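For reference, the structure discussed in these notes is given below.
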Protein chains: 2
Amino acid sequence: MAGAEQIVIAGAAATKFGRRPEVEIAALGVEAARAALADAGFEPADVDAIYVGTFVAQSLNRQGVLASLIANLLDLGPVPATTLEGACASGSIALRHGMLAVRAESARVALCIGVEQMAGAGTEAVTGALGEAFRRDPDQAAGLTFPGFFGLVADAHGARYGTGREELTAVATKNRAHGATNPRAMFAEAVDAERVETSRLIADPLRVLDCSPIADGAAAAVVCRASDAPRPSRAIKVLACEQASGPISTIEAGEDLTSFSSTRAAAAAAYATADVKPADLDVVEVHDCFTIAEIVDCEDLEILPHGEAGAAIVAGATRIDGGGDLVVNPSGGLLSRGHPVGATGLAQVHELVAQLRDEAENQVPGSKLALSHNLGGTGAAATVTVLAS
Amino acid sequence: MAGAEQIVIAGAAATKFGRRPEVEIAALGVEAARAALADAGFEPADVDAIYVGTFVAQSLNRQGVLASLIANLLDLGPVPATTLEGACASGSIALRHGMLAVRAESARVALCIGVEQMAGAGTEAVTGALGEAFRRDPDQAAGLTFPGFFGLVADAHGARYGTGREELTAVATKNRAHGATNPRAMFAEAVDAERVETSRLIADPLRVLDCSPIADGAAAAVVCRASDAPRPSRAIKVLACEQASGPISTIEAGEDLTSFSSTRAAAAAAYATADVKPADLDVVEVHDCFTIAEIVDCEDLEILPHGEAGAAIVAGATRIDGGGDLVVNPSGGLLSRGHPVGATGLAQVHELVAQLRDEAENQVPGSKLALSHNLGGTGAAATVTVLAS
């Protein structure tokens, strides 16, 4: 929007991710929202639009109109309350629509929340609900699962580029090492290669430590124009927040399984909008739902060359202590933090806000420019957000 | 947005509502979308954002990321595809977000779709899924249902204003008479008072002909700036499209059951934004999910005075042949058209677009200014849209 005033994230927060079956799903969103508002220096009464991203709140928790319920619990009054769904990208889609509401001058202060509560539901129920990210026919009917799909991605990437166990393990050990200092992570504990490589096989070649864990949790960000931020020195600029779609039935569509077209489209739009290049970035949070996904993400985002990401990660190029120019997933990523599906996109943004404020637990020194990447389903949706201090 | 260019509905369409269990839910949305694009004079390649409103596509149809799937089937390419949920107001919330995307200059042409497929799922499954519009505790746990809730609304309205069987029957017979000429209506057949009053009791005092039927169907509208509409003479101005939230747990919140605060808030915003008064309106589509709801809606929208809507409807004030100044639900409303939940808000808009083009089946002569009202759940969300020729 030419000439429009800069939009910022005035505040952000995330709950600890893990098992929280004892509370109502809305309570998780409320917890993150209150913390984000407090971080921004806003009161609930300042909010004039609320966006809630969630994937399976209806299927697993039988709770619809979740944005209205959270608005009620926060005592926001009659503000527009909108629930959005884009599978695992739901949280960042909520952020994007808060930003659009501010840009459209429909809201001055938009509260954006991502939330999910899955860990108490049992494996069968969760697998079934997550399957809603696939087309009912043929994919759900054929029994496709996320580990199954990403196992195929790993096979395809391996066949084309030689990516194998060493590269997958390097992602897992890096992210678990990064996450060891993250107090909100579900698994704040480093693991060594042997532990990864002897962990239970889930969908060949993926082992359980190649897979992000389901979790309960929420994250939130408050969006407004720069001049409306109560604490300008802590406000983080949103240079771009772009969203793209891709095939839902990825295999049937004959897609190249070594790359996601939605990521590429969102990234191209985000780099153009923000007028930055991948080489300019200091710190990145990508959607490592599985180890192989981080490799593909880094290539699709043009952070690392196609076919070379695995080797670069093995060499430590994206480790905080690796001496490289760019750190990927300093929070520990989904592999360490856990993946309460709808919350993930905003948890990534929360981490990057902390990085750009120079107050992250696992701080990347001198971070000025950051990018988050959130992938929905098997590429049916993707968002890329570029933030700057 | 001061000084911004007028946003219009360039085209709109709806499928026939009824039983369509044989197709995939996405196919319904595709059918409405293709017809709306053709009506507008756009090609799928012109679309650069898609919004899909649905309430129970996941719970009943096990289909998530529905906006991406519909985008795939329409061959839209990587455009942002967003699924939104606001219970029975999901369709109009999709419209509103298409409008905001255009206003934010994020999209030039936004395709907005509402869709639901319910009729083949069986009463128990549908009742359970619709219950997701209530708070899980205490309302779902207590067994609250929509007919039960609106039966309480009828009781409360009766106790305060004397609204009873005669007034409820007048809504039913009016809307079924209006809908008799609607080729897309599920029940395009007039009914007399006796048939309404001897129909099966559902939740006292509501009988089955006081209740809108569940259905399968979709509706769509294409939104752009006035200068981008391929057929300017057929473009309908969006003067306002406002959304508000209200209590999800209406009874627990101690709300006055004779009025919905979300409707009042959305209406106040819409009248202010459009700079029109209720008396200026020529034709209105309101959310008559139950006969009593139309009475409450007319009062909340200030179309008829509080406590007097029932008598006015009995007197024929809102019938197309009643000689009054304002016609309510010329399409037949939800009672006649059927209520595929997520589709309803856009079906209302489709009817009003036809009215303002002077080409509706049940045309209100000389319609220049129209309003639609879509209610989500028991008032958790409401939208009010003001359209002009």
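Sequence lines set the chain letters: A, B, ... in the order given, protein chains first and strands last, and positions in each chain run from 1. No experiment lies behind these values; they were computed from the predicted model shown.
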Next item on the list: Taking atom types as modelled, find out whether B:Q58 and A:Q58 have a side-chain donor-acceptor pair closer than 3.5 angstrom.
Entry: no
Margin query: Surrounding CD of A:E124 (heavy atoms of other residues, nucleotides or ligands, distance under 6.0 Å), is the total greater than 12?
Written below: no
Checklist line | Enclosure of B:D256 CG (heavy-atom neighbours >12, cutoff 6.0 Å) | finding: yes
Proximity breakdown for [X] and chain B, heavy-atom pairs closer than 4.5 Å:
X      : result
A:I70  : neither
A:L76  : neither
A:F134 : backbone

Pick one of side chain, backbone, both or neither for [X], based on which atoms fall under 4.5 Å of a heavy atom in chain A.
X      : value
B:I50  : neither
B:A265 : side chain
B:R96  : side chain
B:L73  : side chain
B:L84  : both

[X] side chain to [Y] main-chain N or O, any donor-acceptor pair under 3.5 Å?
X      : Y      : result
B:S245 : A:V79  : yes
B:E85  : A:G64  : no
B:R103 : A:A104 : yes
A:Q63  : B:A133 : no

Point-to-point distance, once rounded to the nearest 0.5 Å, from [atom1] of [X] to [atom2] of [Y]:
X      : Y      : atom1 : atom2 : value
B:Q140 : A:R62  : CD    : CZ    : 7.5 Å
B:Q243 : A:T82  : CD    : OG1   : 3.5 Å
B:N72  : A:S249 : CG    : OG    : 8.5 Å

Closest-packed option against chain B by number of heavy-atom pairs under 4.5 Å, given [options]:
options                      : value
A:P80, A:A269, A:A244        : A:P80
A:S68, A:G377, A:P78         : A:P78
A:L69, A:I93, A:V102         : A:L69
A:T383, A:N61, A:I25, A:T273 : A:N61

Most contacts with chain A, counted as non-hydrogen pairs under 4.5 angstrom, among [options]:
options                       : value
B:G131, B:G77, B:P247, B:A382 : B:P247
B:S106, B:A71, B:A253, B:G53  : B:S106
B:G376, B:S59, B:G86, B:A381  : B:S59

Notebook entry, point to check: Are A:R135 and B:E24 ion-paired here, with the side-chain N under 4.0 Å from a carboxylate O?
Noted result: yes
